[in-house]
Student: 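My structure is below; once you've seen it, I'll send some questions.
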2 protein chains.
Amino acid sequence: MSYFCVSLEKFSFMNFDAIDKKLLKLLQANSKQTNKELSNKLNLSVTAVYERIKKLEKEGVISNYVALIQKEKANKNFLAFCHIKLVQHTQDYVIKFEREVANLEEVMECYHISGDYDYLLKVIVSDMEAFREFMVNKLTSINHIGSTHSMFVINEVKHTTAIMI
Amino acid sequence: MSYFCVSLEKFSFMNFDAIDKKLLKLLQANSKQTNKELSNKLNLSVTAVYERIKKLEKEGVISNYVALIQKEKANKNFLAFCHIKLVQHTQDYVIKFEREVANLEEVMECYHISGDYDYLLKVIVSDMEAFREFMVNKLTSINHIGSTHSMFVINEVKHTTAIMI
DNA sequence: GATGAAACGATTACTCA
DNA sequence: TGAGTAATCGTTTCATC
């Protein structure tokens, strides 16, 4: 198992051998596989698999293991993206906005982006009526929001959590 | 444990009791907790936890368990959103575009959306140069793309996979 | 990186309310 | 029907090579 780190001031990343890459791919596809199953797929001993995983966890490469749930079964069938422009961009406003938006459970993702708008939000709710509620009572009740522009998801073509290394 | 399904033509969703909601929240936060740990947090027996989880898996509420990896450690520090407009919207073009885009490993998410553009893509690569490469050699080599508009992520304010029920 | 033993958790059958 | 107890089985973990 050969690792080395490349450090360039602000960030550092690992270099992975072929086995680690395959292991990460397998775990990102299904983390409930036993080390025995993984050892078969990787042609390794159970212990070797175990140690590689522990190392990847310790290095912070694997940050967490989670259950993914089907949004249709959770009555969250409505997905929208909201562009947001702030009125002003003082430190205060920005920090306050970011904190409040991050606390909204309907907001799955929030990014500060380049371009015409300041932020892009991914919002998940049950239906259009719930989205209207969210906009009126939660999002636009945050102060300092200048304008918003919403796009509704008609169809989810692809959605993965797996990063290919 | 009381479940019932609400069916409205095209979709159906479960109604969850308070314990299931908490259980789903816990598993979405960390799926490596043992049933014993979960049983403590939920004031239930290990078996009761086990059976609730199995039921949620069988119903398809829990669709998968995955490892999440830190993109910084994987040298994938550059995140962008791409708007895409197709030249034409014939069935053929749409199906072909969607299939080809879904096959690109840089594309984490792809949505057919309302508004000025047809699609919104979330793209993850190592840096701006890799993004340029991706645009020139992969994305725009897909036929039928009319125009694109890219937004670069300056800062990730929030990113979660957990849906709150 | 492999082997094998000890520890631990998941799973199932059984029991009780 | 729904939850708890206890035995079994398989996996994780770790010391040793």
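Within every chain, numbering begins at 1; the chains are lettered A, B, ... in the order of the sequence lines, protein sequences first and strands thereafter.
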Student: Could you list all N or O pairs between the protein and nucleotides 12-16 of chain C that sit under 3.5 Å apart?
Tutor:
residue: C:dT12; atom: OP2; partner: B:Tyr50; partner atom: OH; Å: 2.9

Student: A:Lys32 has an atom NZ; how far is it from atom P of D:dG10, in whole Å?
Tutor: 18 Å

Student: Determine whether A:Val101 and A:Leu86 fall in the same hydrophobic cluster, where Ile, Leu, Val, Met, Phe, Trp and Tyr are linked whenever their side-chain heavy atoms lie under 4.5 Å apart.
Tutor: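 As far as the 4.5 Å side-chain criterion goes, A:Leu86 and A:Val101 are connected within one cluster.
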
Student: Between A:Lys122 and A:Phe81, is NZ or CZ placed under 6.0 angstrom from the six-membered ring centre and within 45° of the ring axis?
Tutor: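 Output no; distance or angle outside limits.
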
Student: Do the numbers put A:Lys85 on top of the ring of A:Tyr117, so that NZ or CZ is under 6.0 Å from the six-membered ring centre and no more than 45° off the axis?
Tutor: yes

Student: Is any NZ, NE, NH1 or NH2 atom of the basic residue among B:Glu129 and B:Arg132 found under 4.0 Å from an Asp or Glu carboxylate oxygen of the other?
Tutor: yes

Student: How close or far is atom P of C:dT11 from atom CG of B:Leu38, stated in whole angstroms?
Tutor: 12 Å

Student: Where each pair must be Watson-Crick or G-U wobble with both distances under 3.5 Å, what dot-bracket representation of DNA chain C is obtained, with crossing pairs in [ ] and other-strand partners as |?
Tutor: |||||||||||||||||

Student: With the side chain of B:Asn35 defined as its heavy atoms from C-beta on, choose the nearest nucleotide among D:dA3, C:dA10, C:dA2.
Tutor: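 Out of D:dA3, C:dA10, C:dA2, the nucleotide with an atom closest to B:Asn35's side chain is C:dA10.
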
Student: In this structure, how many angstroms lie between the P atom of D:dA3 and the CG atom of B:Leu23, rounded?
Tutor: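 Atom CG in B:Leu23 sits about 12 Å away from atom P in D:dA3.
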
Student: So which heavy atom on A:Val125 is nearest to which on A:Ala130, and how close?
Tutor: CB-CB, 3.9 Å

Student: For the OH atom of A:Tyr119 and the NE2 atom of A:His112, what is their distance to the nearest 0.5 Å?
Tutor: 5.0 Å

Student: Round to the nearest Å and state the distance from A:Asn43 atom CG to C:dG1 atom C1'.
Tutor: 14 Å

Student: Could you tell me how far apart A:Leu42 (CG) and C:dG1 (P) are, to the nearest whole angstrom?
Tutor: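 To the nearest whole Å, that distance equals 11 Å.
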
Student: Please give, in whole Å, the distance from D:dT12 P to B:Gln33 CD?
Tutor: 18 Å

Student: Keeping the roles fixed (side chain from A:Ser114, backbone from B:Phe152), state whether a donor-acceptor pair exists under 3.5 Å.
Tutor: yes

Student: Could you tell me the separation between the CG atom of B:Asn40 and the P atom of C:dG9, rounded to a whole number of Å?
Tutor: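 In whole Å, C:dG9 P and B:Asn40 CG are 11 Å from each other.
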
Student: Between A:Arg52 and C:dG1, is there a contact of a side-chain N or O with OP1 or OP2 at under 4.0 Å?
Tutor: yes

Student: How many Å lie between NZ on A:Lys36 and P on C:dG4, as a whole number?
Tutor: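 One finds 13 Å between P of C:dG4 and NZ of A:Lys36, rounded.
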
Student: Between B:Tyr93 and B:His144, is a ring-ring contact (aromatic ring centres under 6.0 Å, His included) present by the stated rule, with each step listed?
Tutor: CA-CA 7 Å; B:Tyr93 280 12; B:His144 323 311; 3.6 Å; yes

Student: Of the options D:dT12, C:dT11, C:dG1, whose atoms approach the side-chain atoms of A:Ser45 most closely?
Tutor: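 Nearest listed nucleotide: C:dG1.
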
Student: Taking only Lys NZ, Arg NE, NH1 and NH2, and the carboxylate oxygens of Asp or Glu, determine whether B:Glu156 and B:Lys71 approach each other closer than 4.0 Å.
Tutor: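 Answer for the salt bridge query: yes.
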
